[in-house]
Amino acid sequence: MSEPRAPWGMADGDRHESGPPDTEGAEQSGNPGKSGIWRAGPIWMASDRKLARFVGRPVAAFLRVEAAGGIILLAAALIALFWANSPWSDTYESFWTTEFTLRIGEYELTEDLRHWVNDALMALFFFVVGLEIKYEMACGELRDPRSAAVPIMAAFGGMVVPAAIYIAFNAGGDGADGWGIPMATDIAFALGVLAVLGRRIPSAARVFLLTLAIVDDIGAITVIAVFYTESISFIWLGLALAGILIIIGLRRIRVWSPYVYITLGMFVWLATFQSGVHATIAGVILGLLTPAKPLLDQAQAKEYARQSLPDELDPSEVRRYRFLLNESISMSERLERALHPWSSYVVLPIFALANAGIDLGGGVLGEALGSPITLGVATGLVVGKTVGVTVTSWLAVRLGWGRLPTGTSWTTMVGLAMVAGVGFTVSLFITGLAFGDGTLPADDAKVGVLGGSIVAASIGAALLILAGRRRHDETSSLGVEQEPAAR
């Protein structure tokens, strides 16, 4: 799915997150604790302690690398596969099927751990997705549909063609309900591939893939809400809608306490869950309702703070100036920055641990390779995404609706289309909705997701390397300096 813009200041110099004085330059100075600003010595991360120098700061630097989220997600998937095929494989299913009950008075909600991960924990991931979509629609690439015409068309083709290929393999069969599985792009992995390739990829190509993924998110969310909802309780659905309307009303009268919205958000999630609509849709809706423009004018707020800053601060003054600074940045940006590490480095790895474990013993892998479900998913991701994204992009350019991203060739576009076939997180998520957990069709689909994603990432990376070499040769022969890669 989607990768937020510049999480933790990792890829966007204009929105770099600052730490305490002298900690931000920790990696550069190598001596972050040497400053007169500290009264009793620096915080642990900025200290000269060996654990901070050789573990803490290197780990923090790794997490600022754009590919870090994809690497951790891949590691979690590999651990799940090893666990499910190890001598302790029985503990894998027994652990994730352990029931956990939430009881409030006479009301109780009982689900196994896997469903708590998929229904509750993943709501946080989809909330971050909603924040990204809202930002892009209000301030980003989706604000002007004409400038985003090519990636929008590409995303549409990249959803329709894989679904059609899957249906061709499974029409009328036991796997017919899985047509939504190969539609999704895992943007964490996809952008991780681009990050690893570095300077070979023009920055405009990365923006193209990010925009495509945002539109892909919208399509996947719509598919989940409309086609993977089995039955609806209209009473609970009405309560969820009432909660959403209350949130909209409070926003209009400028109620700004986050605790009010957290409480209402939890109620909307619960009502959505009980309604039969997948609860993660509540996360998306709440993300879309989050303000994407700041409450205060940033220049005016800074000037006011500068002119009115007293010689001595007390707690009430600190609270007032924190409000001035916070509200000069939009709520959606602040929440996305705060929640992205939890989404990428906690929620998604736990999701992978809970869902990627497939027991490949006993001939399961051999049967899966001959299954139309496996073939439909893998072919949809590798061939469907490539053809769908490339052809619709070509049509959009041919019809004059848009143009290729700056510095890209059609070889680059085919490589990007292939990389878009990495469909891990949401593809596994839809697998559970379509077939349930622990079923043979679900295992076949998961094999297709894992195999197809590996093939798509490998071939896509090879094509992008080839396109990068051609671009380098052409610019070198013309004496033109290459565009620097996005950090």
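Each residue takes its place number in the sequence, starting with 1.
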- prompt: Does the ring center of Trp88 lie less than 6.0 Å from the ring center of Tyr92?
  reply: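 No, the ring of Trp88 stays outside the 6.0 Å limit from the ring of Tyr92, centre to centre.
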message: Suppose we call two aromatic rings close when their centres sit under 6.0 Å apart. Are Trp236 and Phe273 close by that rule?
response: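 Between Phe273 and Trp236, which both carry aromatic rings, the centre distance is not below 6.0 Å.
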message: Once side chain to side chain donor-acceptor pair (under 3.5 Å) is applied, what residue pairs with a partner in residues 392-403 remain, sequence neighbours excluded?
response: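 Non-adjacent pairs meeting side chain to side chain donor-acceptor pair (under 3.5 Å): zero.
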field: Residue pairs involving residues 373-389 (criterion side chain to side chain donor-acceptor pair (under 3.5 Å); sequence neighbours excluded)
entry: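 Side chain to side chain donor-acceptor pair (under 3.5 Å) check on residues 373-389 returns Thr185-Lys385, Asp216-Lys385.
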message: One pair to check against side chain to side chain donor-acceptor pair (under 3.5 Å): Asp186 and Thr425. What are the steps and the verdict?
response: CA-CA 6 Å; Asp186 191 307; Thr425 305; 2.4 Å; yes
- request: Might you work through the side chain to side chain donor-acceptor pair (under 3.5 Å) test for Asp112 and His115, ending with a clear yes or no?
  value: CA-CA 5 Å; Asp112 62 38; His115 280 91; 3.0 Å; yes
query: Near Phe156 CZ, under 6.0 Å, is it more than 12 heavy atoms from other residues, nucleotides or ligands?
result: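 No - once you tally the heavy atoms of other residues, nucleotides and ligands closer than 6.0 Å, there are 12 at most.
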message: Using a 6.0 Å cut-off, check whether atom CZ of Phe234 has over 12 heavy atoms from anything other than its own residue.
response: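 No, not enclosed.
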Where the side chain of [X] meets the backbone of [Y], is there a donor-acceptor pair that is under 3.5 Å apart?
{"X": "Ser94", "Y": "Asp90", "value": "yes"}
{"X": "Arg114", "Y": "Ala354", "value": "yes"}
{"X": "Asp443", "Y": "Asp359", "value": "no"}

message: For the residue pair Trp410 / Thr390, report whether a side-chain donor-acceptor contact shorter than 3.5 Å exists.
response: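 Checked: Thr390/Trp410 side chains show no N/O donor-acceptor pair below 3.5 Å.
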Qualifying residues under ring-ring contact (aromatic ring centres under 6.0 Å, His included), relative to Phe100, sequence neighbours excluded: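 Checked Phe100 against ring-ring contact (aromatic ring centres under 6.0 Å, His included); matches are Trp116.
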query: Of Arg337, Glu336, His340, which is the lone residue that meets side chain to side chain contact (heavy atoms under 4.5 Å, CB included) with Leu131?
result: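 Filter result, single survivor: Glu336.
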query: Which atom pair, heavy atoms only, marks the closest approach of Ala279 to Asp119?
result: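 Shortest heavy-atom separation between Ala279 and Asp119 comes out as CB-O, 3.7 Å.
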